[in-house]
Amino acid sequence: MAPTGQQNARRSRIESLSNPLVKRMRLLREKRHRRAEGLFLAEGLRIATEAREAGTLPRWLFLADEGAAHPLARTLIDATLASGGEVIDTTPAILSKLSGKDNPQTIVGIYAEPRTALSDIDRDAAPIWLVAERLRDPGNLGTMLRTGDAVGAGGLILLGESTDPYGVEAVRASMGAIFTQRLVQAEWDEFLPWLRSGRGELVATWLGDDTKDYQAVRYAAPTFILIGNESQGLPQAYAEAADVRVKMPMMGKADSLNAAVAAAVMAYEVLNQQRS
């Protein structure tokens, strides 16, 4: 399918930092411009290849000469042009301007931002779903997407004021999983009624009196694993609304795990139960 808003596919060269398209794409490092454009930036041949294999191609593909010579890049170039996208040969200085890095990758792709609602999700499409409340760290968000991809989860549902999943840091941390996982942004008051309208067990990670050891529970599919904010954890009302509240043993002095690590431990426990 040809990207909407694009003219005929073409290949061109840009070497000026003052080029209008470069200036426009550079602004995608800011959330408000990403929202206004409906676009986001992903850098690196590996991520761009993951996107292509998942069926997503860039609207604009910027390449340095070194990057364009790679066999996978040539496949990506052909696919981008065939889909109606534009391929732009450029310089490392412009790639640095786009990515905000002193030592940029040799490829930067500009992609349409998916707008997925809860109503678009088929909960039975996967046995595991990750849910994160007020997730603030883009590295944690990207890691959760990678974890979801690894365990065959359906996607990640972000609740409340979470970090922007389409920011450069989060996309980079996802290592391509931003293109393989469904991603929804919603409020708790939307999510809970949607969840209760169909099948699905809500499992909250929570330190409380009625919390069970995470390996002592048999999880029912589809399992929605609810992880709280990095510093404050889950609001009590959210935990109380869950079907099951679980915790992982902490043998040292720390009282909690990193949010992304906790999500991974839980996801693999659910996966291992399903496998056995």
Side-chain angles (χ1 to χ4, degrees), residues 50 53-56 114 116-135 137 139-160 162-163 165 170-171 173-186 188 190-206 211-230 233-234 238-239 241-249 256-276:
E50 292 276 358
E53 292 176 349
T56 302
T116 305
L118 287 169
S119 58
D120 297 325
I121 288 180
D122 176 6
R123 68 184 71 206
D124 293 316
I128 301 172
W129 295 83
L130 299 181
V131 186
E133 190 264 337
R134 292 179 300 136
L135 193 68
D137 183 81
N140 280 340
L141 195 156
T143 300
M144 282 191 187
L145 288 169
R146 291 178 68 184
T147 296
D149 181 85
V151 301
L156 172 63
I157 300 170
L158 295 174
L159 302 177
S162 295
T163 188
V171 173
S174 81
M175 295 299 291
I178 191 82
F179 297 104
T180 66
Q181 293 285 285
R182 302 300 295 273
L183 204 154
V184 176
Q185 300 177 73
W188 173 255
E190 301 171 75
F191 168 72
L192 191 60
W194 171 83
L195 179 68
R196 297 310 183 200
S197 69
R199 295 195 322 125
E201 181 179 59
L202 184 60
V203 179
T205 53
W206 171 254
T211 305
K212 300 178 181 180
D213 184 281
Y214 80 113
Q215 290 186 319
V217 176
R218 299 302 298 178
Y219 299 103
T223 307
F224 290 80
I225 301 170
L226 178 58
I227 304 294
N229 172 267
E230 290 96 337
L234 283 174
Y238 291 24
D243 298 300
V244 184
R245 288 165 287 281
V246 298
K247 62 183 177 181
M248 285 148 276
S256 65
L257 289 173
N258 168 276
V261 172
V265 172
M266 282 299 307
Y268 269 99
E269 175 61 25
V270 175
L271 175 64
N272 286 335
Q273 287 191 16
Q274 293 168 352
R275 292 173 66 198
S276 60

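The shown structure was predicted, so the numbers you read here are calculated from the model rather than taken from an experiment. All residue numbers refer to positions in the sequence shown, counting from 1.
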Legend entry - All side-chain contact (heavy atoms from CB on, under 4.5 Å) counterparts of Val171, not counting sequence neighbours: Phe40, Ala42, Ile178

Taking distance alone, no hydrogens or angles, what donor-acceptor pairs closer than 3.5 Å link side-chain atoms of residues 215-226 to residues at least two apart or in another chain?
{"from": "Gln215", "atom 1": "NE2", "to": "Glu269", "atom 2": "OE1", "distance (Å)": "3.4"}
{"from": "Tyr219", "atom 1": "OH", "to": "Tyr214", "atom 2": "O", "distance (Å)": "2.6"}
{"from": "Thr223", "atom 1": "OG1", "to": "Ala220", "atom 2": "O", "distance (Å)": "2.8"}

Legend entry - Nearest heavy atoms of Glu133 and Gly233, plus distance in Å: OE1-O, 3.6 Å

Inset, instruction - Quickly, which of Leu183, Leu130, Ile121 forms a side-chain contact (heavy atoms from CB on, under 4.5 Å) with Ile157? Name it, please. - result: Ile121

Inset, instruction - Report the distance from atom CG of Leu156 to atom CZ of Arg182, rounding to the nearest 0.5 Å. - result: 12.5 Å

Inset, instruction - Using the side-chain contact (heavy atoms from CB on, under 4.5 Å) rule, take Tyr238 and Val131 through it: C-alpha gap first, then chi angles, then the decisive distance, then the call. - result: CA-CA 12 Å; Tyr238 291 24; Val131 186; over 6 Å; no

Legend entry - Gln181 side chain vs Ala153 backbone, donor-acceptor pair below 3.5 Å: yes

Legend entry - Non-hydrogen side-chain atoms of Glu230 and Asn258 separated by less than 4.5 Å: no

Inset, instruction - List the atom of Ile227, the atom of Ala259, and the distance in Å for their closest heavy-atom pair. - result: CG2-O, 3.8 Å

Inset, instruction - Please check if atom CZ in Arg196 has more than 12 non-hydrogen atoms from other residues, nucleotides or ligands closer than 6.0 Å. - result: yes

Inset, instruction - Considering non-hydrogen atoms only, spot the tightest contact between Ala170 and Leu141 and give its length. - result: CB-CD2, 4.4 Å

Inset, instruction - Would you check if the side chain of Trp206 reaches a backbone N or O of Arg245 as a donor-acceptor pair within less than 3.5 Å? - result: no

Legend entry - Minimal non-hydrogen separation, Asp213 against Pro249, with atom names: OD2-CD, 4.0 Å

Legend entry - Distance in Å, Asp137 CG paired with Ser162 OG, rounded so as to fall on 0.5 Å steps: 11.5 Å

Legend entry - Any side-chain heavy-atom pair of Leu271 and Gln274 under 4.5 Å: yes

Inset, instruction - Indicate yes or no for a side-chain donor-acceptor contact from Arg134 to the backbone of Asn229 under 3.5 Å, with no hydrogens or angles considered. - result: no

Let me have the donor-acceptor pairs involving side chains of residues 145-152, under 3.5 Å, with sequence neighbours excluded, atom names and distances please.
{"from": "Thr147", "atom 1": "OG1", "to": "Thr143", "atom 2": "O", "distance (Å)": "3.1"}
{"from": "Asp149", "atom 1": "OD1", "to": "Thr180", "atom 2": "OG1", "distance (Å)": "2.7"}

Legend entry - Minimal non-hydrogen separation, Ala204 against Ala239, with atom names: CB-CA, 4.3 Å

Inset, instruction - Look at the side chain of Arg123 and the backbone N and O of Leu195, then say whether any donor-acceptor pair between them is shorter than 3.5 Å. - result: yes

